[in-house]
2 protein chains.
Amino acid sequence: MRPTLRFAAGCVNEPSVEAAARPMTTPALQKADSMSSVADNIALMKSRSLALLLESEMERMIMAGEIAPGDRINENQLALRFGTSRGPIREALRALEAGGLVELRPNRGVFVRRLSIEEACDIYAVRAALFGLAGRLCAARLGRAEVADLKRQVAAMEKAAKSKDFDAYYPLNLQLHEFIVDHSGNPVLASHYRDLVKLLHLFRARSLVQGGGLAISNGEHRDMVDAIAAGDGERAHQSHFDHVMRARERLMSAVRDLPAASEHKKATR
Amino acid sequence: MRPTLRFAAGCVNEPSVEAAARPMTTPALQKADSMSSVADNIALMKSRSLALLLESEMERMIMAGEIAPGDRINENQLALRFGTSRGPIREALRALEAGGLVELRPNRGVFVRRLSIEEACDIYAVRAALFGLAGRLCAARLGRAEVADLKRQVAAMEKAAKSKDFDAYYPLNLQLHEFIVDHSGNPVLASHYRDLVKLLHLFRARSLVQGGGLAISNGEHRDMVDAIAAGDGERAHQSHFDHVMRARERLMSAVRDLPAASEHKKATR
DNA sequence: GGATCGTAAACTGTCGACAATTGACAATAA
DNA sequence: TTATTGTCAATTGTCGACAGTTTACGATCC
């Protein structure tokens, strides 16, 4: 029988590692854990490889901030916590490193990547280029139905923006961007775009984006959708590119406005 | 004492795995292998980790075509060949997978990624977007000296193009693109661009690019450099973007012109 | 003869153990 | 006191072995 992978709850001190993964330890007994019983396990069996599981779980942990940028990741501790050996952990960390979420310092350990302002700035620019391309492609591809969908989304955001309901606006905003990228018809673009967005989560000052004019941002969304609706690739490109670049400016000016705190030590190297 | 890492020459049948890596097995004796003796070893010691070494070596092997797209990679065989255990090999493969060079099929093994025409097309588009951004940034950044350098490069290529000397043109072309990307001042952009170019090496029909009008291509280069020299970001973006997209069209039409052979089996899945 | 089933080899996934390195702390010397 | 050196615990890097899966091949049955 395979090792158990129980995500040993409470082994060390973890906030919320849910037993989202519990392969059939006893093939016979199967209480149907209230939530989907068999499908989950089958999916688990198919994933076939702790490393794959661990990779997504650790990515989640980093995204959720359970491990903060700059933190060192202890292999032994993780292995203990997940009830596995260090092998799969190391494999997962390698994959994460290639994605830039984590940094490998030989013989020292792996550290959650810490993004400098400059790097965040660079990432935004690349993201803008990709998003610009997504807009261009959408303008050439999207049909009436999809455009209507886009307009609906922008309208919903308009409402949230008017009432300054950031909690409602934020997920809608995310969804709109995802929609555009996913409907570009270019999976490579979508994948790279997502990677960049992930990386930006490591930027500690990210939360600053919040304040910045919901109405302004949504006005830009309207321009974007208009260009797509008109099938004007060039204009779509420009509006999409500018949208991200303006978001970058909003963030950067916010960062520079409160130069206090934050920037403790740069390049511990 | 550490394991030896001899890259056991001739163990299985490898064409050219040079003993580029030979850490100080006997700290005393050090014959100064004719080439840089100590520095190499120190660099090796610093890299500290077979996995890191293996990663670059295997990347090289894939790039050089020593393992062809679609081929399965046998961990045991590689371990034997390199004189290591499978652990570091697996770690290196994980990293390569995240870069898209290699594909992981659980319980089956890892396979060198095989790029479909569609994927290559998608990658070209993303590459165009990144290159467009690079052009835009260069237009805003480059000084007289760098522009002069660019013009020199284009002039050299002009000469090669006139005499249809592809072997001279190709490396210059590569160098020009590298130059622009590197001088964009955005390392994230440069890194992603390079990854895409690497991926394109997996496209079997890549060699078709060759025939396609050297003079035409270099004419586009001239436009690019002109825009950069003028400091016209918008025009630079457009010319750089178009340059890659036209290269894509040249490749794609070449592919479609000889529909024979090649496309054996799609999606063995 | 062709399809189904069972078996064995080959290989991947995982583990536990050991070797080497790092970083911290204590002891010593100036 | 301060700088240097020696030692030790903690942690990473690597290995060899075992368990489980896949796949190819041959035997059996229709």
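Remember, it's a predicted structure, so these values are computed and weren't measured experimentally. Convention: sequence-line order gives letters A, B, ...; per-chain numbering from 1.
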Task: Set of salt bridge (charged side-chain N to carboxylate O under 4.0 Å, His left out) partners for B:Arg248, sequence neighbours left out - done: none

Open item on the list: Please enumerate all residues that pass side chain to side chain contact (heavy atoms under 4.5 Å, CB included) together with B:Asp122, with sequence neighbours excluded.
Closed with: A:Asn186, A:Pro187, A:Val188

Open item on the list: What is the distance, to the nearest angstrom, from the CD1 atom on B:Ile89 to the P atom on D:dG16?
Closed with: 13 Å

TODO: Return no unless some side-chain N or O of A:Arg86 is found under 4.0 Å from OP1 or OP2 of C:dC15.
DONE: no

TODO: Kindly say if B:Arg108 contacts the phosphate of D:dT23, meaning a side-chain N or O under 4.0 Å from OP1 or OP2.
DONE: yes

Open item on the list: So, does B:Arg72 get its side chain near the phosphate of C:dT12, meaning an N or O under 4.0 Å from OP1 or OP2?
Closed with: yes

Task: Nucleic acid contacts of residues 90-102 of chain A, taken as heavy-atom distances under 4.0 Å to DNA chain C - done: none

Task: Length of the line joining A:Leu80:CG and D:dT12:C1', which is rounded to integer Å - done: 16 Å

- [ ] Return each pair, listed once, that meets salt bridge (Lys or Arg N to Asp or Glu O under 4.0 Å) where at least one residue sits in residues 92-102 of chain A; pairs must be two or more places apart or across chains.
- [x] A:Arg94-B:Glu91

Open item on the list: Between C1' on D:dT14 and CG on A:Asn107, what's the gap in Å once rounded to a whole number?
Closed with: 12 Å

TODO: Output all residues satisfying side chain to side chain contact (heavy atoms under 4.5 Å, CB included) with A:Ala64, sequence neighbours left out; order by chain, then residue number.
DONE: A:Arg60, A:Glu66

Close N or O pairs between protein and nucleotides 8-10 of chain C (under 3.5 Å):
none

- [ ] Look at the aromatic rings of A:Phe131 and A:His177 and report parallel, tilted or perpendicular, splitting at 30° and 60°.
- [x] parallel

Open item on the list: Just the rounded figure in Å: distance from C1' of D:dG13 to CG of A:Asn76.
Closed with: 12 Å

Task: Length of the line joining A:Phe111:CZ and C:dG23:C1', which is rounded to integer Å - done: 12 Å

Open item on the list: Restricting to side chain to side chain contact (heavy atoms under 4.5 Å, CB included), what partner residues turn up for B:Asp195, sequence neighbours left out?
Closed with: B:Ser191, B:Lys198

Task: Residues that A:Arg194 engages under side chain to side chain contact (heavy atoms under 4.5 Å, CB included), provided they are two or more places apart - done: A:Glu178, A:Asp182, A:Ala190

Task: Length of the line joining B:Leu104:CG and C:dT12:P, which is rounded to integer Å - done: 10 Å

Task: Whole angstrom value for the distance that separates C1' of D:dT11 from CG of A:Leu78 - done: 13 Å

Task: Electrostatic pair A:Arg113-A:Glu119, nearest N-O below 4.0 angstrom - done: yes

Open item on the list: Base, sugar-phosphate or nothing for B:Ile73? Non-hydrogen atoms, less than 4.0 Å.
Closed with: sugar-phosphate

TODO: Would you kindly give the CD-to-P distance between A:Glu55 and C:dT14, to the nearest whole Å?
DONE: 13 Å

Task: side-chain hydrogen bond (donor to acceptor under 3.5 Å, both in side chains) partners of B:Glu55, counting only residues at least two apart - done: none

